[in-house]
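Remarks on the structure that follows.
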Amino acid sequence: MDFTLSEDEAAFRAKVREFAETEIRPIVPKLEKTEEFHWETVKKMAELGLFGLIFSKKYGGLELGYIYYAIAVEEISRVCGSHGITVASHNSLCSNHINIAGTEEQKLKYLTPLAKGDKLGAWALTEPNAGSDAGATQTTAVLDSDEWVINGTKQFITQGSVAEIYVVIASTDKQKKQKGISAFIVEKGTPGFRPGQLEHKLGLKISDTSELIFEDCRVPEENMLGEKDNAFYDVMKILDGGRISIGAMALGLGQGALDEAIKYVKVRRQFGKPIGKFQAIQWHLANMATEIEAARLLIYRAAYLANKKSVKYTKESAMAKLYASEVGMRATRLAVQILGGLGYTKRAVVERHMRDVKLCEIGEGTSEIQRLVIARLLGI
Ligand SMILES: Cc1cc2nc3c(=O)[nH]c(=O)nc-3n(C[C@H](O)[C@H](O)[C@H](O)COP(=O)(O)OP(=O)(O)OC[C@H]3O[C@@H](n4cnc5c(N)ncnc54)[C@H](O)[C@@H]3O)c2cc1C
């Protein structure tokens, strides 16, 4: 058992950290105000290969696997959660669904531009009446000669209004409930499909989140992704990988908050000394650092198992996501506390991190759902 990163992994971490510090940190405050999705940085992240880390070279990826992927999401999120979720959702959800379930033609046509970062992807599962109960999807797809006709509304979809390739989950047999669910690839501009209302959120303000509306949207029969009626099984596999990235996002936000707090306690003086000399503050920082390290280990273990491909890692990724997101929430909240009044203002990075990390306890299965998954796998 080796708990250290390899030289290449450590060099990759340093490269992504430098990129995030120089290319992302300076632009975030202005973009947060305008809630503007930033294509220029997305293009630069694509040039760095961040949209193809887990995909085969055959499809334009870097084939570096989940440890590199977790490192990338952590380092980007350490500086900005919005850019972190762009990397996370593009890779883990839309692209990986095509990677796992796509035919060779689908992978060449759709995964290749996604893995190279030439196009952005979005993954549409959640609906107004189907959130945690994803199997209750009401969007329908009906075969009409050689085309699928999709009708329904999706909500809270990351990259919903900016993506060019969408994976959409729809019911193909209502009677069979979750055993009658299929997945479809839908391209931007397909008649009958349009992004709906944009969400204005508590955090992740630079990330695009929107509704998707399908009104007699017709896609070719060959755009079905995976087997008919069997997509729910693939969705569960996609979420196993996705939860590693949401965990890594929370980890990065927690680490970013800890780093800010450590810097601050050395320079802020009260009662004649730096506040870092007070034991109460030291205990907060020690707890934050310990929990963050434990979260990192859980994430790397899940990533290690994901790299093996042949083993199931549902329990490990649910544990990593559950623990890291709650640690991220605690760490950012304590960082705000340590920065006092300043922590409550927009001048402090930790204020943004605290708002951003809340999503990690909700997206890709809430903390309550993670506990249900883990309990089920404990045989309860
Ligand atoms: C910023 C953002 C980005 C997102 N991006 C995407 C995306 O790209 N694609 C996508 O498909 N979805 C996306 N989502 C949706 C997200 O995955 C859902 O919001 C999440 O799964 C919860 O569903 P819900 O909001 O409908 O909450 P609900 O399912 O209505 O849950 C409400 C509350 O009830 C609890 N609850 C529900 N069922 C149970 C149960 N059985 N036991 C105990 N408690 C329960 C939940 O834990 C929660 O606290 C995104 C959401 C946000 C906010």
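Everything numeric in this text was worked out from a predicted model, so none of it was measured.
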**Verify same cluster id: Leu53, Val79 (apolar side-chain graph, 4.5 Å)** = yes
**Asked** Which heavy atom of Ser367 sits nearest a heavy atom of Ser325, and at what distance?
**Response** OG-OG, 4.2 Å
**Request:** For atom NZ of Lys228, decide whether the heavy atoms of other residues, nucleotides or ligands shown that lie under 6.0 angstrom number more than 12.
**Result:** yes
**Asked** Any ion pair linking Arg218 and Glu147 (charged N to carboxylate O, less than 4.0 Å)?
**Response** yes
**Asked** Is the Trp123-Tyr166 ring centre distance short of 6.0 angstrom?
**Response** no
**Complete:** Heavy atoms of Arg78 and Gln255 approach each other most closely as CD-CG, 4.2 Å
**Request:** Decide yes or no for His38 and Ile27: does some side-chain heavy atom of the first lie under 4.5 Å from some side-chain heavy atom of the second?
**Result:** yes
**Asked** Is there a path of hydrophobic side-chain contacts, each under 4.5 Å between heavy atoms of I, L, V, M, F, W or Y residues, that connects Ile24 with Leu50?
**Response** yes
**Request:** Using only heavy-atom distances, determine whether the side chains of Thr153 and Glu127 contain a donor-acceptor pair under 3.5 Å.
**Result:** no
**Request:** Carefully, step by step, assess Thr366 and Glu361 under the rule side-chain hydrogen bond (donor to acceptor under 3.5 Å, both in side chains).
**Result:** CA-CA 5 Å; Thr366 62; Glu361 292 184 314; over 6 Å; no
**Item:** Considering all heavy atoms, the nearest Ala20-Glu75 contact
**Value:** CB-O, 3.8 Å
**Request:** Answer yes when Lys179 and Asp229 have at least one side-chain N-carboxylate O distance shorter than 4.0 Å, and no when they do not.
**Result:** no
**Prompt:** Is Lys321 salt-bridged to Glu364, going by a charged N under 4.0 Å from an acidic O?
**Reply:** no
**Asked** So, are Glu260 and Lys263 salt-bridged, with charged N and O less than 4.0 Å apart?
**Response** yes
**Item:** Salt bridge Arg25-Glu32, side-chain N to carboxylate O under 4.0 Å
**Value:** no
**Complete:** Nearest heavy-atom approach of Ala115 to Tyr59 is CB-O, 3.4 Å
**Asked** About how many Å separate CD1 of Ile54 and CD of Glu63, when rounded to the nearest 0.5 Å?
**Response** 11.5 Å
**Request:** List the steps, then state whether side chain to side chain contact (heavy atoms under 4.5 Å, CB included) holds for Thr86 with Gln159.
**Result:** CA-CA 7 Å; Thr86 302; Gln159 271 104 251; 3.7 Å; yes
**Request:** Look at Glu222 together with Lys109 and state whether they make a salt bridge at an N to O cut-off of under 4.0 Å.
**Result:** no
**Request:** Apply salt bridge (Lys or Arg N to Asp or Glu O under 4.0 Å) to Glu23 and Lys43, showing your working.
**Result:** CA-CA 11 Å; Glu23 300 288 344; Lys43 237 178 112 211; over 6 Å; no
**Request:** Using only heavy-atom distances, determine whether the side chains of Ser182 and Thr172 contain a donor-acceptor pair under 3.5 Å.
**Result:** yes
**Prompt:** Got a sec: does the CD of Gln337 have more than 12 other heavy atoms crowding it under 6.0 Å?
**Reply:** no
**Item:** Interatomic distance, Asn99 atom CG to Ser92 atom OG [nearest 0.5 angstrom]
**Value:** 11.0 Å
**Considering all heavy atoms, the nearest Ile165-Pro113 contact** = CD1-CG, 4.3 Å
**Request:** Answer yes when Glu351 and Arg355 have at least one side-chain N-carboxylate O distance shorter than 4.0 Å, and no when they do not.
**Result:** yes
**Request:** Determine whether more than 12 heavy atoms belonging to other residues, nucleotides or ligands lie under 6.0 Å from atom CD of Glu104.
**Result:** yes
**Prompt:** Within a strict 4.5 Å, meaning less than it, do heavy atoms of the Lys154 and Phe214 side chains meet?
**Reply:** yes
**Message:** Assigning hydrophobic clusters by single linkage (Ile, Leu, Val, Met, Phe, Trp, Tyr; side-chain heavy-atom cutoff under 4.5 Å), is Met319 placed with Ile244?
**Reply:** no
**Request:** Indicate yes or no: does Glu35 engage Lys205 in a salt bridge with an N to O separation below 4.0 Å.
**Result:** yes
**Request:** Inspect the contact between Glu74 and Arg296 and indicate whether a charged nitrogen and a carboxylate oxygen are less than 4.0 angstrom apart.
**Result:** yes
**Prompt:** Are Met329 and Leu204 connected, step by step, through hydrophobic side chains (Ile, Leu, Val, Met, Phe, Trp, Tyr) whose heavy atoms are closer than 4.5 Å?
**Reply:** yes
**Prompt:** Residues two or more places apart in sequence or in another chain: which of them pass ring-ring contact (aromatic ring centres under 6.0 Å, His included) with Phe37?
**Reply:** Trp39
**Request:** Indicate the atoms forming the closest heavy-atom contact of Ile206 with Cys80, along with that distance.
**Result:** CD1-SG, 4.2 Å
**Message:** Would you say Ile185 ends up clustered with Ile150 if hydrophobic residues are merged whenever their side chains have heavy atoms under 4.5 Å apart, either directly or through other cluster members?
**Reply:** no
**Message:** Out of the candidates Leu212, Val149, Asn151, Thr190, only one should pair with Cys217 under the side chain to side chain contact (heavy atoms under 4.5 Å, CB included) rule; please name it.
**Reply:** Thr190
